[in-house]
Amino acid sequence: MTDSMRKDPVRKGYVPSPFGQLHFAECGTGEPVLLLHQTPRSWTEYLEVLPLVGTVRRGIAMDTLGFGASAKPDGPHSIERFADAAGALIEALGLDRFHLVGHHTGGVIAVELAARYEDRVASLLLSATSFVDEEKRRTAGGRKPVDHVDPKPDGSHLVELWNRRRGFYQEGEEAALNRFMVDALTVLDRVEEGHEAVRRYAMEERLPSVTAPTLAVCASGDHYSLPSLEKFAAALGCETRVLSGGHVPVLEQLPEKFSKVVLEWVTAA
């Protein structure tokens with residue numbers, strides 16, 4: 001690694017918001033790239049991606065409201081409220097113009113932010129982001145919970161939660177799955193609400209306001225999200241790309257490949 005590409009240390013901090021303090025981690029300098037995680041994760045989903053983005057840009061990975069070390073207010077979660085909190089962080093950090101990267105739930109939040117901030121968003125990268133339309137909302141009630149488990153006195157719910165996500169990870173990736181467990185257990189009583197918020201979101205009403213150059217990407221093994229690439233391409237006229245290898249936790253499985261795509265995209269914008 002050359003001196004110009006040497007990784008800077010990750011810095012952490014908090015900013016105030018109407019909901020309470022919001023936690024973020026950042027690395028590097030230059031044009032800001034705001035990284036939004038899936039739920040029920042935290043900024044640590046970008047643990048290896050953030051320093052790589054920080055070699056060229058100012059990477060900022062926030063904890064979504066209600067998750068990680070950010071405030072956990074009462075009341076129902078929604079994509080709009082998640083975006084309200086992200087907007088408070090954007091203003092507190094003085095991000096006049098910035099790039100947006102969102103993964104799964106974070107991608108849906110990024111759509112809402114891109115619709116709100118329009119010209120201030122230099123580019124948008126949607127990673128494994130669900131395309132939410134009337135059909136998805138209509139069938140939401142019949143979908144099985146993704147991460148919900150009922151706590152048991154003997155702790156067997158920990159194994160149940162582990163096994164719900166185990167199929168997304170290959171042997172040897174247990175450290176990443178451990179980070180998922182930490183994040184999920186932190187919000188176990190509300191672990192499913194991020195997924196529910198996605199399914200309620202009226203995305204098609206907001207897409208016409210998204211004007212930033214957009215790239216939709218997905219790992220080849222993430223069969224949950226792959227069908228959405230074609231839908232985003234049709235709705236936004238955006239480019240799409242399939243990342244060979246990886247599954248839902250592609251940020252942790254292929255951090256170098258993912259970071260390269262991010263940096264190529266923000267540089268071209």
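- Among all heavy-atom pairs drawn from S130 and F232, the shortest one is O-CZ, 3.8 Å.
- When side chains are defined from C-beta on, R200 does not count as touching V132, because their heavy atoms never get closer than 4.5 Å.
- V146 and V198 are not part of a single hydrophobic cluster, where members link through side-chain heavy atoms under 4.5 Å apart.
- With hydrogens and angles disregarded, a donor-acceptor distance shorter than 3.5 Å links the side chain of E173 to the backbone of Q170.
- Ring centroids of H247 and H223 are separated by less than 6.0 Å, placing the two rings close together.
- Contact check for D183 versus P40: no side-chain heavy atoms found under the 4.5 Å cut-off.
- The two residues S220 and L226 make their nearest non-hydrogen contact at O-CD1, 3.4 Å.
- Taking CD1 of I90 as the reference point, atom CG of D96 lies at 11.0 Å (rounded to 0.5 Å).
- Nearest heavy-atom pair across L188 and P151 is CD2-CG, 4.1 Å.
- Here Y169 contributes atom OH and Q253 contributes atom CD; the two are 7.5 Å apart, rounded to the nearest 0.5 Å.
- For E91 and R120, the salt-bridge test passes: some basic side-chain N is under 4.0 Å from an acidic carboxylate O.
- A110 and L100 get closest at one heavy-atom pair: O-CD1, 3.7 Å.
- With contacts defined as side-chain heavy-atom distances shorter than 4.5 Å, the pair R190/H148 does not qualify.
- A salt bridge does not link E45 with R179: none of the charged nitrogens is closer than 4.0 Å to a carboxylate oxygen.
- Within the 4.5 Å cutoff, the side chain of L52 has no heavy atoms near those of the Y46 side chain.
- Salt bridge E196/R199: absent, no basic N to carboxylate O contact under 4.0 Å.
- The shortest distance between side-chain heavy atoms of R57 and V266 falls below 4.5 Å.
- Aromatic rings from F98 and Y117 are positioned such that their centres are separated by under 6.0 Å.
- V49 is not listed as a side-chain neighbour of V262, based on a closest heavy-atom distance of 4.5 Å or more.
- Note on F24: it does not cluster hydrophobically with V10, by side-chain heavy-atom contacts below 4.5 Å among ILVMFWY residues.
- Listed for the W265 side chain is a donor-acceptor partner under 3.5 Å among the backbone atoms of L124.
- In this structure, the side chains of W43 and L50 come closer than 4.5 Å at one or more pairs of heavy atoms.
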**OP:** Please lay out, stage by stage, how R116 and D84 fare under the test salt bridge (charged side-chain N to carboxylate O under 4.0 Å, His left out).
**Re:** CA-CA 10 Å; R116 294 184 184 190; D84 288 342; 2.6 Å; yes
Subject >> Check against side chain to side chain contact (heavy atoms under 4.5 Å, CB included), E118 and V121 >> reply: CA-CA 6 Å; E118 297 191 47; V121 178; over 6 Å; no
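- Hydrophobic clustering (side-chain heavy atoms under 4.5 Å, transitive across Ile, Leu, Val, Met, Phe, Trp, Tyr) keeps L93 apart from Y14.
- Note that CG of L243 is 10.5 Å distant from CG of D222, once rounded to the nearest 0.5 Å.
- Cluster membership check: F19 shares its hydrophobic cluster with I79, using side-chain heavy-atom separations under 4.5 Å among Ile, Leu, Val, Met, Phe, Trp and Tyr.
- A side chain to side chain donor-acceptor pair (under 3.5 Å) with S127 holds for exactly one of Q38, H103, H104, R241; it is H103.
- Rounding to the nearest 0.5 angstrom, the gap separating the CG atom in L215 from the CG atom in L236 is 11.5 Å.
- Without hydrogens or angle criteria, T44 side chain to L47 main chain gives no donor-acceptor distance under 3.5 Å.
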Subject >> Trace of the side chain to side chain contact (heavy atoms under 4.5 Å, CB included) decision for F258 with L263 >> reply: CA-CA 9 Å; F258 185 84; L263 291 175; over 6 Å; no
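- Between R58 and E26 a salt bridge is recorded (basic side-chain N to carboxylate O distance below 4.0 Å).
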**OP:** Begin with the C-alpha distance, continue with both residues' side-chain angles, and end with the deciding distance and a verdict on side chain to side chain contact (heavy atoms under 4.5 Å, CB included) for R41 and D63.
**Re:** CA-CA 8 Å; R41 294 301 312 273; D63 284 344; over 6 Å; no
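- In terms of heavy-atom proximity, S123 sits nearest to H99 at OG-ND1, 2.7 Å.
- In this structure, L177 CG and M181 CE are separated by 7.0 Å, a value rounded to the nearest 0.5 Å.
- Annotation: the span from L89 atom CG to L113 atom CG amounts to 10.0 Å, rounded to 0.5 Å.
- Residues L36 and F82 form no side-chain contact, since every pair of their non-hydrogen atoms from C-beta on lies 4.5 Å or further apart.
- Between D147 and R164 there is no salt bridge, since no side-chain nitrogen of the basic residue lies less than 4.0 Å from a carboxylate oxygen of the acidic one.
- Cluster membership for V191 and W162, using ILVMFWY side-chain heavy atoms within less than 4.5 angstrom, is not shared.
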**OP:** Would you sort out whether L22 and T64 count as a side chain to side chain contact (heavy atoms under 4.5 Å, CB included), showing the intermediate values?
**Re:** CA-CA 8 Å; L22 302 172; T64 298; over 6 Å; no
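- Among T129, T240, L126, V217, the one residue that satisfies the side chain to side chain contact (heavy atoms under 4.5 Å, CB included) test with L229 is T240.
- A side chain to side chain donor-acceptor pair (under 3.5 Å) with Y201 is found for one member of K136, E80, E112 and no other, namely E112.
- Taking the six-membered ring for Trp, F67 and H77 have ring centres closer than 6.0 Å.
- Nearest approach of F131 to L207, heavy atoms of both residues: CE1-CD1, 3.6 Å.
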